[in-house]
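Have a look at the structure below before the remarks.
These figures come from a predicted structure and were not determined experimentally.
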Amino acid sequence: MACEGDYYTLMSGLQELDFQGKVVPSDLVLIGEHAFPLVMNPRGQVLMAASHYGQGRIVVLGHEEYLTRFPVLIENALMWLMPCTGDAGIVGIQGSLRSVAENLNYCPIKTELGDFRNEFAIYITDAYSVETCAKDLVAFLKAGGGLIIAGQAWSWSYDHPQENTLKNFPGNKVCSVAGIYFSELPGEVGNFPVPKNIPSSWLSVSIGKDFKDDLEFLLKGVSEFDTQGGAIASEVMVHGPLAFPIAVTPAEKAFIAGAYYGQGRVILVSHEGYLGRDSLSTFMINAIKWLDEGRKGVIGILPSLKAANVVLSKSGLDCQLTGFREDLSVYVCTSYSDAQCAEIQEFVAEGGGLLIGGHAWYWAQTHCGCNVMTEYPGNHILNKMGLCLLGNTLGGGLYKALDIEHSCREQYHFRTMLQRFAEHVSLGKELTAHEQSCLKQLGSDCASYLRMCSHDSAAYTSVVAILSDIVKEGGVPQVCSNCPVKCGKDHLMLHVASELYKVSPNPDALLPYIIKDIPNLPTVSDARVRISANTGGCEEWISTGLYISPGMKTYISVPSEIVGKNWQVQLGCQTDNIGGANILKRAPVVHERFPLDTEMVQVWNLWGGLIYLIAPPQSKVDGVEIVVQVSVQAPYFKSGETSVADWVSGIRSAPAPWAELEFENIIITLESELVRNLDCPDEVATFWDTIMRSITDLAARPAKLPRKERFVADVQISHGFMHAGYPIMMHSNSAPVLINVKEAYNSGLWGAIHELGHNQQRGVWEFPPHTTECTCNLWSLYVHEEVLRFNRANAHPAITPENRQARTKMYISGGKDLKSWSMWTALETYMQLQEKFGWDAFKKVFTAYHTMTGVPNDNAGKMNLYAETFSKVVNVNLSPFFKAWGWPIQPSTEEKISHLPEWNDHPMSQYA
């Protein structure tokens, strides 16, 4: 970390610092990425700090007497602050600090007592005399000058009880741009040792201000926040010492928040549509005035935010549709671009206001595998300000405005809650019921914060150190199916430990605290795997048959053909994020991905896992070779490559805990114990080859899928009994039937084929939400009848003749309301068509849709097109049938198929 070197220079030769005496310093508040403490007392209060701004550097002391009490520190500071321009320049010293100048007489440094001049290399001043030259000092610092500012603000705050110390104390008008503030809180003194590294303490993770006055201003006349409607917002994470939630859901998830940053202020609204809502206009006008701070300057509004301009113009301020300009008082923009990130941050740091709106959830969904915290454009601007947008969504609602007294006392804040939890772990202090209810949220926020990966920030590394101590002292639950995590504390520890391991400077030291018992599996060296891929529009997992143990690191040698071409390595097959569950049977996220951007890549995963290469869309390679330095062999059978004899004699006994069976069109991943006694993998292959060909047959697709389907078993999945996707996820206890051919013929595979059917559904002939859980069952029916030879009535309990008839009668008696036409009721419609016209009719209908263009987007339009298409395929006018089911068949559709003979004796005619 860069500031560690700065700290060593500044504190060189110092073993302890004696702050004892009558002098009472100010507690300093630090924000941003560049500020770091030099001295911290046992209460976590910062008495001295340093930072960077622009090209310059600054040292801030919590009392002016420290300028003479610690001469070695001042010498070190002058060395660190001196610009690297060859000869040492002049050190200017503010006129009232003659004793400081006298202390420096013995130093080979040229000093000059007097007012600030731009020609100085360094300027030393108290924090009280900078009012008139504050702007000049900021410009001097930004251009590369060095500053030492010393003073305390607690007595000033007593003399100015109605004023905002952070904003109006003279010294803060300079040092705040670098993320250091004199606070109104007195610092506790004593004789303090100088630690080897930058000091940190869980006690220092605190809020730097009481935001009651800010909330009173912002919420004046605001009783509720109406965010009802179609706008889906993101959750806001409030993580900075000078950041605070403004509007929250009943679950205390913020969707509007504010912050102090340097001399300026910022408000984040987690959907840009809220900026122009009439129902939120009172708050937005308050917000723009809070940001303007009485300057009555120009409010620059991004030209695309025309609705926001209408609302904000009601403030009476000069609102203009314009891009970013330095002469603005407040800039209003969205979070979707970081093109002027540095300029905007500088604008706010030097006193400007920023009102920024936007969400991150859509970006997260369309940038799968990317880190929202570090890569989302808006977070490049916001992270330094103590705010960020998360990738999860918040639905609209009618939310009560904060109770200000309650908010300032008990409202959830990441830093307050982290400090309380650290106190609970370190000192055994009991948590209140409200705090216990917040532990799950804290765990999620800690994980998000850690993903910022701000390793050059002392604030970030301090939180990493604090969380490391919490993990070591508090212990991590050894989660498994027999020992599920249920309480909020264990949920938090598991979540935090997983993310902490990824960013820890010493993950090996954490590993024994996270996983108590890691099996010592035999490894192989320099395993060579040939990779071939010919992907279409989707990425593809390529199995290697290798596994990596929990916490184990290995190197992968990557062929030049795929380096830097968006290929990745994935460790772990279980890719469901189960963090939202109340009970956990494993960690929330147990897989990792690494980009293959060099010819030698080191990879690891806390939880271990099978090793895959991830081929990006539109990739074509044939037989390139990777070499995995150290790995564990997994039971891996691949049709056409693995012989049954080799499988039985050794491969099935490979030590990895996860196994894979790869067939012509499908790959099954399950626990190795389930295949240890599998004698005939070739029979399982034949079975699944037949099923998958029937899947493609009904879909009217080529027999060989462009990408093999995957089943992955897991101890816990994100939702449902199984769920479709790539891969199809299923519970581990459902996996044995996939490889038990005899059992499949006896009991069927309805659930598994149902999920494969989901993967065959196409939007052009789907009518969501009615058919979402319906048409996938066409494949379940087809496979059970055509491959497993089940009688339809026995394929599933829901489709016995009695249940079918009862369901249909209920639908008719309910007035044929399409709202209840779904799942099994909707399937009855398709089953009646199949029983009359056969499976070939469906194959021809699907074929027709393969090349169809101009398909309507609405359900009514698509249903009319489906009725027309099916009618033409079977040469029968099906209008009477579909109308009997309540479909909205239009006269124009009836006209198009009026030349065909009508199906009048259809099964629904009996209910006419």
Side-chain angles (χ1 to χ4, degrees), residues 362 364-370 529-545 558-570 573 575-576 591 593-597 610-626 638-641 660-669 685 688-689 691-712 723-729 752-753 755-766 775-776 778-779 843 845-855:
Y362 181 77
Q365 290 181 7
T366 54
H367 294 75
C368 189
C370 293
V529 181
R530 290 203 166 273
I531 302 296
S532 296
N534 188 4
T535 61
C538 303
E539 71 174 27
E540 183 175 344
W541 300 10
I542 299 174
S543 301
T544 64
V558 185
S560 58
E561 290 92 332
I562 63 175
V563 170
K565 295 182 179 178
N566 298 320
W567 283 66
Q568 300 173 84
V569 62
Q570 175 174 300
C573 54
T575 52
D576 269 7
H591 75 286
R593 282 192 176 188
F594 297 84
L596 297 180
D597 48 14
L610 291 171
I611 302 174
Y612 300 91
L613 258 65
I614 308 299
Q618 312 302 330
S619 297
K620 188 174 183 178
V621 296
D622 186 16
V624 300
E625 187 177 75
I626 66 165
K638 186 173 184 179
S639 295
E641 294 185 15
E660 288 200 320
L661 305 173
E662 181 169 350
F663 307 136
E664 180 186 50
N665 270 322
I666 198 165
I667 304 168
I668 300 171
T669 309
W688 276 103
D689 289 349
I691 287 179
M692 295 308 296
R693 285 172 190 158
S694 72
I695 296 284
T696 58
D697 182 39
L698 179 57
R701 294 289 188 183
K704 181 73 173 72
L705 290 174
R707 178 178 71 174
K708 297 181 182 184
E709 295 278 16
R710 282 184 175 271
F711 276 110
V712 172
H723 70 76
Y726 183 81
I728 295 169
M729 296 299 301
I753 309 305
E755 304 305 339
L756 287 167
H758 269 306
N759 285 355
Q760 293 298 323
Q761 288 174 317
R762 297 296 179 265
V764 286
W765 45 260
E766 274 291 289
T775 52
C776 53
L778 292 172
W779 276 266
K843 297 173 188 179
V845 168
F846 292 140
T847 299
Y849 273 99
H850 290 336
T851 56
M852 196 177 292
T853 58
V855 177

Problem - Criterion side chain to side chain contact (heavy atoms under 4.5 Å, CB included) against Val624, the qualifying member of Leu613, Val558, Ile531 - result: Ile531

Handout entry: Contacts of Tyr849 that satisfy side-chain hydrogen bond (donor to acceptor under 3.5 Å, both in side chains) - sequence neighbours left out
Key = none

Handout entry: Side-chain donor or acceptor of Thr535 paired with backbone N/O of Ala615 under 3.5 Å
Key = no

Exercise for the section: Report yes or no: does Arg530 contribute a side-chain atom to a donor-acceptor pair with the main-chain N or O of Gly623 at less than 3.5 Å? Expected result: yes

Handout entry: For the student: nearest non-hydrogen atoms of Ser532 and Ile542, plus distance
Key = O-CD1, 3.8 Å

Handout entry: Taking every non-hydrogen atom, the tightest pair across Gln761 and His758
Key = OE1-ND1, 2.9 Å

Exercise for the section: State the CD1-CH2 distance between Ile668 and Trp688, to the nearest 0.5 angstrom. Expected result: 5.5 Å

Completion exercise
Between the CD1 atom in Ile691 and the OG1 atom in Thr696, the distance rounded to the nearest 0.5 Å is 12.0 Å

Exercise for the section: Answer whether the closest heavy-atom distance between the side chains of Thr575 and Gln570 falls below 4.5 Å. Expected result: yes

Handout entry: Within-4.5 Å side-chain heavy-atom neighbours: Trp567 and Asp597
Key = no

Problem - Between Ser543 and Arg710, a side-chain donor and acceptor under 3.5 Å - result: yes

Practice task
Could you tell me whether a side-chain N or O of Trp541 sits under 3.5 Å from a main-chain N or O of Ile614, the two making a donor and an acceptor?
Solution key: no

Problem - Glu766 side chain to Thr775 side chain, donor-acceptor N/O pair below 3.5 angstrom - result: yes

Exercise for the section: Verify, without hydrogens or angle tests, whether Arg762 (side chain) and Gln760 (backbone) share a donor-acceptor contact under 3.5 angstrom. Expected result: yes

Exercise for the section: Would you check if the side chain of Gln618 reaches a backbone N or O of Gly536 as a donor-acceptor pair within less than 3.5 Å? Expected result: yes

Exercise for the section: Could you tell me whether the side chain of His850 and the main chain of Ala700 form a donor-acceptor pair under 3.5 Å? Expected result: yes

Handout entry: Distance-only polar pair, side chains of Glu709 and Asn665, donor-acceptor under 3.5 Å
Key = no

Exercise for the section: Under the side-chain contact (heavy atoms from CB on, under 4.5 Å) rule, what do Leu756 and Phe711 come out as? Steps first, then yes or no, please. Expected result: CA-CA 9 Å; Leu756 287 167; Phe711 276 110; 4.0 Å; yes

Practice task
Looking only at non-hydrogen atoms, find the nearest pair between Pro727 and Cys573 and report the distance.
Solution key: CG-O, 4.5 Å

Fill in the blank from the handout: All heavy atoms of Cys538 vs all of Arg707, minimum pair found to be CB-NH1, 3.4 Å

Handout entry: Main-chain N/O of Pro616 paired to Glu539 side chain as donor or acceptor, under 3.5 Å
Key = no

Practice task
Could you list the residues that satisfy salt bridge (Lys or Arg N to Asp or Glu O under 4.0 Å) with Glu664, not counting sequence neighbours?
Solution key: Arg693

Exercise for the section: Could you check if a side-chain atom of Val621 sits within less than 4.5 angstrom of a side-chain atom of Asn534, using non-hydrogen atoms only? Expected result: no

Handout entry: Gap between atom CG of Asp689 and atom CZ of Phe663 - 0.5 Å precision
Key = 7.5 Å

Handout entry: Donor on one side chain, acceptor on other, Glu540 and Tyr612, under 3.5 Å
Key = no

Exercise for the section: Output, in order, the C-alpha distance, side-chain angles, deciding distance and verdict of side-chain contact (heavy atoms from CB on, under 4.5 Å) for Leu610 and Thr669. Expected result: CA-CA 10 Å; Leu610 291 171; Thr669 309; 3.7 Å; yes

Exercise for the section: Using atom types as modelled and distance alone, determine if a side-chain donor or acceptor of Asn759 lies under 3.5 Å from a backbone N or O of Gly725. Expected result: yes

Completion exercise
Rounded to the nearest 0.5 angstrom, the CG-CE distance for Asp576 and Met729 is 4.5 Å

Exercise for the section: Could you give me the CA-CA distance, side-chain angles and deciding distance for Leu698 and Phe846, then say whether side-chain contact (heavy atoms from CB on, under 4.5 Å) is met? Expected result: CA-CA 8 Å; Leu698 179 57; Phe846 292 140; 4.3 Å; yes

Practice task
Please report the C-alpha distance between Ile666 and Lys708 in whole Å, then the side-chain angles of each, then the deciding distance to 0.1 Å, and finally whether the side-chain contact (heavy atoms from CB on, under 4.5 Å) criterion is met.
Solution key: CA-CA 5 Å; Ile666 198 165; Lys708 297 181 182 184; 5.7 Å; no

Exercise for the section: Please report the shortest heavy-atom distance between Trp779 and Gly757, naming the atom on each side. Expected result: CB-CA, 4.0 Å

